[in-house]
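In what follows, a structure is listed as structure tokens, so that the remarks can point back to it.
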There are 2 protein chains.
Amino acid sequence: MELAAAKLKFIEAWGKLGSEWGINRTMAQVHALLLISPDALTTEEIMEELSISRGNANMTLRDLIGWGLIEKQHKAGERKEYFFADKDVWNIARQVAKERKKRELEPVLKVLNELSAVSGDEKDPAFKTFKKSVKDINKLAGNVDKTLETMLKAEESWFWGSVLKAFK
Amino acid sequence: MELAAAKLKFIEAWGKLGSEWGINRTMAQVHALLLISPDALTTEEIMEELSISRGNANMTLRDLIGWGLIEKQHKAGERKEYFFADKDVWNIARQVAKERKKRELEPVLKVLNELSAVSGDEKDPAFKTFKKSVKDINKLAGNVDKTLETMLKAEESWFWGSVLKAFK
DNA sequence: TTAAACTTTCAATAATTTTTGAAAGTTTAT
DNA sequence: ATAAACTTTCAAAAATTATTGAAAGTTTAA
């Protein structure tokens, strides 16, 4: 396969994966484009490459900056803003994990903790089932949380080395 | 908090989390409802409880069966179908991991492998950057895959015991 | 200060996803 | 065979989410 076709396929696959996991397709595609681009690109170039409007490009780029996945770059003597993606895949994974933990997991954990304090009749099957589910989910979520915390602080090789050795 | 209010809050939170992770909100809510219900419920009861239409309830229940999260139950002498959810949270986590791996991760891994075979000029920065990204993502995905494989086969206590011990 | 170059905003529109509900289909009992 | 009880389908409608593009805003250079 030629590079040009491969790029398109990569961008498409990344966009699809993103949308299946609750991330805007265009945002994933812009990220993919910057990830495989050796140089920083302008809004203009991104609009062109992905056939999207100026407004869409601008909003998507701001979102990606908000996710900590891309940065602005300024070139000497030029007014235009250039954008580039962190190319370190482990950093990307950690950044996504960090943001989703903060935006989505933590609010749910907060609710689950509030729900742990539900009051009712210990003899009522509905009450017992509810409490057990909340408790079990809390326990699982706690383990996920600890693992993510470790991941966020860890070097890639140490992290996977530890995990995979543990499964020997 | 009273049980009735707590149930509503749980169903709402589960629905929100689902939708943020690419799972239909109603599907997550129906799952939440069955998860905290000590008995199997009929389509009628689910429609009533969540204020959704018959068609929606039927489709959602079929989807949940497809995900391996709920099952039909037949009661002696009754025509109606009853639905109940597996209450084991570790089983649920494994089932979701298994399905998403199959439906979403594996197709992407397939594409990434095809993209590894891209041909081009080794001196071209665009080519080098593309290959490196694909290679790095492949490596990360491979580690995720191994970890998921282990998770799918493992008992909860062994799995988390191993993981958390590794991070000591 | 002016104007050109560039970025941001946001109301309107388009696209996608979800839901409805009535009709069609199926199963069971008599 | 019939009818009641129940399930499934799917075209149309509603709701949600994403995108456009022109106008407004900002920055820089002369």
Side-chain angles (χ1 to χ4, degrees), chain A residues 11-12 14-34 40-67 69-84 100 103-104, chain B residues 11-12 14-34 40-67 69-84 100 103-104:
Chain A
I11 290 167
E12 190 194 322
W14 216 236
K16 182 154 173 282
L17 186 67
S19 70
E20 285 164 344
W21 286 83
I23 283 156
N24 179 302
R25 167 184 252 86
T26 300
M27 183 168 145
Q29 289 182 335
V30 171
H31 183 239
L33 175 63
L34 291 174
L41 302 179
T42 60
T43 302
E44 210 75 35
E45 290 168 320
I46 292 163
M47 288 164 58
E48 164 79 11
E49 193 92 28
L50 300 177
S51 307
I52 61 175
S53 72
R54 184 173 303 285
N56 196 4
N58 182 267
M59 282 182 151
T60 296
L61 289 165
R62 281 198 288 120
D63 278 356
L64 282 168
I65 290 171
W67 276 78
L69 295 175
I70 68 170
E71 286 177 47
K72 283 186 187 177
Q73 192 173 66
H74 288 281
K75 295 202 178 176
E78 286 202 60
R79 294 257 334 250
K80 278 198 287 276
E81 292 178 330
Y82 286 76
F83 299 90
F84 70 99
R100 299 205 80 152
R103 296 171 193 217
E104 293 145 22
Chain B
I11 289 166
E12 190 192 323
W14 216 236
K16 182 153 172 284
L17 185 66
S19 71
E20 286 165 342
W21 287 82
I23 284 157
N24 179 303
R25 168 184 251 87
T26 301
M27 181 168 148
Q29 289 182 335
V30 170
H31 183 238
L33 176 62
L34 291 174
L41 302 179
T42 61
T43 302
E44 211 74 39
E45 289 168 321
I46 292 163
M47 287 165 58
E48 165 78 12
E49 193 91 28
L50 301 177
S51 308
I52 61 175
S53 72
R54 184 174 303 285
N56 196 6
N58 182 266
M59 282 182 150
T60 296
L61 289 165
R62 281 198 287 119
D63 278 355
L64 282 168
I65 290 171
W67 276 78
L69 295 174
I70 68 170
E71 286 176 47
K72 283 185 186 177
Q73 192 173 68
H74 288 281
K75 296 202 178 177
E78 285 203 60
R79 294 258 332 249
K80 278 199 287 277
E81 293 178 329
Y82 286 77
F83 299 89
F84 71 99
R100 298 207 79 151
R103 296 172 193 217
E104 294 145 21

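Note that this is a predicted model, so its numbers are computed, not measured. Letters go in sequence order (proteins before strands), and every chain restarts at 1.
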Exercise. Is there a salt bridge (Lys or Arg N to Asp or Glu O under 4.0 Å) between B:E44 and B:R54 once you walk through the steps?
Worked result: CA-CA 8 Å; B:E44 211 74 39; B:R54 184 174 303 285; 3.1 Å; yes
Exercise. Is the distance from OP1 or OP2 of C:dT8 to the nearest side-chain N or O of A:N58 less than 4.0 Å?
Worked result: yes
Seminar exercise, completed: From NZ of A:K80 across to C1' of C:dT8 the rounded distance in Å is 18 Å
Exercise. Do the charged groups of A:K16 and A:E20 touch, with an N to O distance under 4.0 Å?
Worked result: yes
Exercise. When the distance from CD1 of B:I46 to C1' of D:dC6 is rounded to whole Å, what number comes out?
Worked result: 15 Å
For this session: Take the protein atom CG of A:L61 and the nucleotide atom P of C:dT7, then report the distance between them rounded to whole Å.
Result: 10 Å
Exercise. Considering all heavy atoms of both residues, which atom of B:D63 and which atom of B:M27 are nearest to each other, and what is their separation?
Worked result: CB-SD, 3.8 Å
For this session: Work out how much the helix from C:dT1-D:dA30 to C:dT30-D:dA1 bends between its end axes, five pairs an end, to the nearest 10 degrees.
Result: 10°
Identify all pairs in which a protein N or O lies below 3.5 Å from an N or O of nucleotides 27-30 of chain C, and state each distance.
from	atom 1	to	atom 2	distance (Å)
C:dT27	O2	B:R79	NH1	3.2
C:dT27	O2	B:R79	NH2	3.0

Could you write out each protein N or O paired with an N or O of nucleotides 16-23 of chain D at a distance under 3.5 Å?
from	atom 1	to	atom 2	distance (Å)
D:dT19	OP1	A:T26	OG1	2.5
D:dT19	OP2	A:T26	OG1	3.1
D:dT19	O5'	A:N56	ND2	3.4
D:dT20	OP2	A:S53	N	2.7
D:dT20	OP2	A:S53	OG	3.0
D:dT20	OP2	A:N56	ND2	3.3

Seminar exercise, completed: B:R62 atom CZ is separated from C:dT18 atom C1', nearest whole Å, by 15 Å
Exercise. Would you find a donor on one side and an acceptor on the other, under 3.5 Å apart, between the side chain of B:E49 and the backbone of B:I46?
Worked result: no
N/O-N/O pairs, protein side and nucleotides 1-3 of chain C side, under 3.5 Å:
none

Exercise. Does A:T60 use its side chain to pair, donor to acceptor, with the backbone of A:A57 at less than 3.5 Å?
Worked result: no
Problem set entry | salt bridge (Lys or Arg N to Asp or Glu O under 4.0 Å) against A:R79, all qualifying residues, sequence neighbours excluded | none
Exercise. Does a sphere of radius 6.0 Å around CD in B:E12 hold more than 12 heavy atoms from other residues, nucleotides or ligands, not counting ones at 6.0 Å or beyond?
Worked result: no
Exercise. Rounded to the nearest Å, what distance is computed from the CG atom of residue B:D63 to the C1' atom of nucleotide C:dT18?
Worked result: 12 Å
Exercise. How many Å lie between NZ on B:K72 and P on D:dT8, as a whole number?
Worked result: 5 Å
For this session: Report the distance from atom CD of A:E81 to atom C1' of C:dA5, rounded to the nearest whole Å.
Result: 12 Å
Just list the side-chain donor-acceptor pairs under 3.5 Å for residues 71-78 of chain B, sequence neighbours left out, or say none.
from	atom 1	to	atom 2	distance (Å)
B:K72	NZ	B:E81	OE2	3.1
B:E78	OE1	B:Y82	OH	3.1
B:E78	OE2	B:Y82	OH	3.3

